[in-house]
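Inspection log for the structure reproduced underneath, given as structure tokens.
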Protein chains: 2
Amino acid sequence: MELRTLRYFVAVAEELHFGRAAARLRMTQPPLSRAIKQLETELGCVLLLRSPTGVALTPAGALLHEEACALLAQADRVRAHVTELAGPVTLTVGTLADSAEQFGTRLAAAYREHHPAARILIRESDLTDPTAGLRSGLVDVALTRAPFDDTGITTRTLRLERVGVVLRTDDPLAHRESLRLADLAERRWFRFPDGTDPVWQAYWTGSVEDGRRRDRLVVRTARECLQSVLWNGTVGLMPLGHALPEGLTVVPLTDMPPSRFVIAWRADGTTPLIRSFVRIAETVQRTADPTRVG
Amino acid sequence: MELRTLRYFVAVAEELHFGRAAARLRMTQPPLSRAIKQLETELGCVLLLRSPTGVALTPAGALLHEEACALLAQADRVRAHVTELAGPVTLTVGTLADSAEQFGTRLAAAYREHHPAARILIRESDLTDPTAGLRSGLVDVALTRAPFDDTGITTRTLRLERVGVVLRTDDPLAHRESLRLADLAERRWFRFPDGTDPVWQAYWTGSVEDGRRRDRLVVRTARECLQSVLWNGTVGLMPLGHALPEGLTVVPLTDMPPSRFVIAWRADGTTPLIRSFVRIAETVQRTADPTRVG
DNA sequence: ACGGCCGATACCGCCTCGGTATCATCACCG
DNA sequence: CGGTGATGATACCGAGGCGGTATCGGCCGT
């Protein structure tokens, strides 16, 4: 008699209909029927009277409904008390520029549900620090984009993001279905400030640096990068599927390895709170769009 | 946060030692450690301070210990109340002669643990009814021995029992390691009364009836069968591993298909109480001797 | 009589759970 | 100060449970 099973039973007892109860539980009807049957087997008595018109509670079922509600409520209180006593913890989350956007809001909402007492501080980082403050110790956990030098850092891939090149809409190449890096060999390429993570630098300058023009143009933020495309006609790379300002178009690159949207934390600083955040992040990503999970 | 996990945590919190807690829970240490870690992840806080000397509770852990105990106790009460309200039910169990013996006592004990209010009535049947009263409606569930005609009856095999031949200790064949049915072709064979289940009859007269002497000698009980061996020198078959009276020996038969010790109930009369009994029986058999499970 | 709704069943793939083997760390002790 | 034992953590594996899809059976309504 686990709490999960009791939650199932309460749903059926209140809906008096397996299909609706299953929908409320975000599952399908067959496993729900089976779970209730197992519960009846375990308790050794009939809880529900099934009929084609609907479901009725037996006396034992009605009693269990009441008791189960109380038990579940108490379980919720227990969890709340324990997490509360653990102290009002603050979790500092670093995000890489606009990477998080609507994913971040969904994640924050889910996290607050699990830890009502927790505070989340957001620290948005520019493109010069792919760890989004992790390595410098400014944040506990980072929502960012790989690849970067991850020594001492644990990363879990949330989804893969194909990368495209940003062009002015009036660019001759702007309306192609796709492009290859070689098509951009003669363009002006940006670079990051000196001291930027070399793996990161290499990736965003086309994975293989040689034979491509190293421009003096330095960008620090996504906005700078896009503006540089508009004003200077430089090459801009970015993951697909993000909003673009007027006058710009993004064309998929076929020979650019996809970027991984990851959640990362210091390998030596794994706390339950961080693990919890990571777990919730993975769940949120999975429920959001299972097809894109890497 | 399931009740199972809380039971684990309570064990560790009370033993303050993962190994001892695991032993108390009848499991090994690694999955216990993992479960606790997952619990900490879910709650987002540290519950236990590990050290090579032992384990200490954090304040949150101490609180959870208290609350979890209360929650588990309430869950037990809920189960008790619900099963109690379902009424003092009586389950009639049929057993085939002495088949059940110590298995039956263990099963009854386990069943009373789950259903303190239930009453168990035992009805011991002789060898003339392999369904032990199931088909005649005298019992709800039967602990018996297959094979028999099981149309309309559901059976679950609990274990396989090799069959041997019972001989007087002074019989020339009594000290052989094993025998084949052919070695007994010239012996006198018993039979069951007319009207006995034909599958059952065929099995205990050597699976293939032809070429073997059909004696007029009719046995109804295991005792009669054994006495008949002692007094008349007939052939007696029985599963190995049971106690024998003085002066008799059992020799394994190599070409006799093993008999299945089964639990059986009417296919059209499946109630939660019966399912519960079956489930417990399977668990008891498994924990008793996993190697012999069929 | 027949179509539709509802719960039950069969079957499948994945993930969790518990088990075995092994490692890392630290206390204790010679 | 290094060996040794104890303790918890980790890696990996196989089985079972759980949720999914597809389908069945049965009663109700028109």
Side-chain angles (χ1 to χ4, degrees), chain A residues 1-9 11-13 15-42 46-58 61 154 156 267-268 270-272 275 279 282-283 286-287 290-291 293, chain B residues 1-9 11-13 15-42 46-58 61 154 156 267-268 270-272 275 279 282-283 286-287 290-291 293:
Chain A
M1 200 178 72
E2 293 300 312
L3 294 180
R4 180 183 57 88
T5 315
L6 292 182
R7 274 183 278 267
Y8 289 2
F9 176 75
V12 178
E15 298 286 344
L16 292 177
H17 186 288
F18 277 81
R20 283 196 298 273
R24 181 167 132 185
L25 294 165
R26 307 288 173 92
M27 63 189 294
T28 54
Q29 169 258 323
L32 179 59
S33 290
R34 187 178 43 188
I36 299 297
K37 185 176 177 180
Q38 283 174 349
L39 180 62
E40 288 180 320
T41 299
E42 183 181 343
V46 178
L47 300 170
L48 299 170
L49 301 172
R50 286 86 160 167
S51 84
T53 66
V55 173
L57 286 172
T58 64
T154 308
R156 307 272 311 240
D268 61 353
T270 308
T271 71
R275 284 202 306 268
R279 188 179 181 83
E282 288 175 321
T283 304
R286 183 162 314 174
T287 58
T291 62
V293 173
Chain B
M1 199 177 71
E2 293 301 313
L3 294 180
R4 180 184 56 90
T5 314
L6 291 182
R7 274 184 277 268
Y8 289 1
F9 176 74
V12 178
E15 298 287 343
L16 291 178
H17 186 288
F18 276 81
R20 282 197 299 273
R24 182 167 130 185
L25 294 165
R26 307 289 174 91
M27 63 191 293
T28 54
Q29 169 258 324
L32 179 59
S33 291
R34 186 178 44 185
I36 300 296
K37 185 176 176 180
Q38 282 174 349
L39 180 62
E40 289 180 320
T41 298
E42 184 181 342
V46 178
L47 299 169
L48 299 169
L49 301 172
R50 286 86 160 167
S51 84
T53 66
V55 172
L57 287 171
T58 65
T154 307
R156 307 271 313 238
D268 61 353
T270 308
T271 71
R275 284 203 306 267
R279 187 179 181 82
E282 289 176 320
T283 304
R286 184 161 314 172
T287 58
T291 62
V293 173

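So that the names make sense, note that chain A is the first sequence line, chain B the second, and so on, each numbered from 1. This is a predicted model, so every value here is computed, not measured.
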Just to verify, what does [X] make a side chain to side chain donor-acceptor pair (under 3.5 Å) with, not counting sequence neighbours?
{"X": "E282(A)", "answer": "R156(A)"}
{"X": "T270(A)", "answer": "W265(A)"}
{"X": "R279(B)", "answer": "none"}
{"X": "E2(A)", "answer": "R7(B)"}

Mind checking Q38(A) for me? I need base, sugar-phosphate or nothing, with any heavy atom below 4.0 Å counting as a touch.
sugar-phosphate

Give one of base, sugar-phosphate or nothing for R4(B), where a contact means two heavy atoms less than 4.0 Å apart.
sugar-phosphate

Decide side-chain contact (heavy atoms from CB on, under 4.5 Å) for T58(A) and E40(A); before the verdict, give the C-alpha distance in whole Å, the side-chain angles of both, and the deciding distance to 0.1 Å.
CA-CA 12 Å; T58(A) 64; E40(A) 288 180 320; over 6 Å; no

With respect to the phosphate group of dG8(D), does any side-chain polar atom (N or O) of K37(B) fall under 4.0 Å of OP1 or OP2?
no

Send over the distance from [X] [atom1] to [N] [atom2], rounded to a whole Å.
{"X": "F18(A)", "N": "dG19(D)", "atom1": "CZ", "atom2": "P", "result": "14 Å"}
{"X": "E15(B)", "N": "dG8(D)", "atom1": "CD", "atom2": "C1'", "result": "16 Å"}
{"X": "I36(B)", "N": "dT10(D)", "atom1": "CD1", "atom2": "C1'", "result": "17 Å"}
{"X": "L39(A)", "N": "dG17(D)", "atom1": "CG", "atom2": "C1'", "result": "16 Å"}

Sequence neighbours left out, what passes side chain to side chain contact (heavy atoms under 4.5 Å, CB included) with [X]? Give chain and number order.
{"X": "R20(B)", "answer": "E15(B), H17(B)"}
{"X": "A11(B)", "answer": "A21(B), R24(B), L25(B)"}
{"X": "T53(B)", "answer": "S51(B)"}
{"X": "A35(A)", "answer": "Y8(A)"}

Determine, for nucleotides 25-30 of chain D in 5'-to-3' order, which nucleotides have protein heavy atoms under 4.0 Å from the base (write B), from only the sugar-phosphate (write S), or from neither (write -).
--SS--

Walk me through it: do T271(B) and V46(A) pass the test side-chain contact (heavy atoms from CB on, under 4.5 Å)?
CA-CA 8 Å; T271(B) 71; V46(A) 178; 5.8 Å; no

Using a heavy-atom distance cut-off of less than 4.0 Å, which residues of residues 22-35 of chain B contact DNA chain D?
Q29(B), P30(B), S33(B)

Determine, step by step, whether L57(A) and L48(A) satisfy the side-chain contact (heavy atoms from CB on, under 4.5 Å) criterion, reporting the C-alpha distance in whole Å, the side-chain angles of both residues, the deciding distance to 0.1 Å, and the verdict.
CA-CA 5 Å; L57(A) 286 172; L48(A) 299 170; 3.3 Å; yes

Span of DNA chain C engaged by chain A, first through last nucleotide within the 4.0 Å heavy-atom cut-off, is dC6(C) to dT9(C)

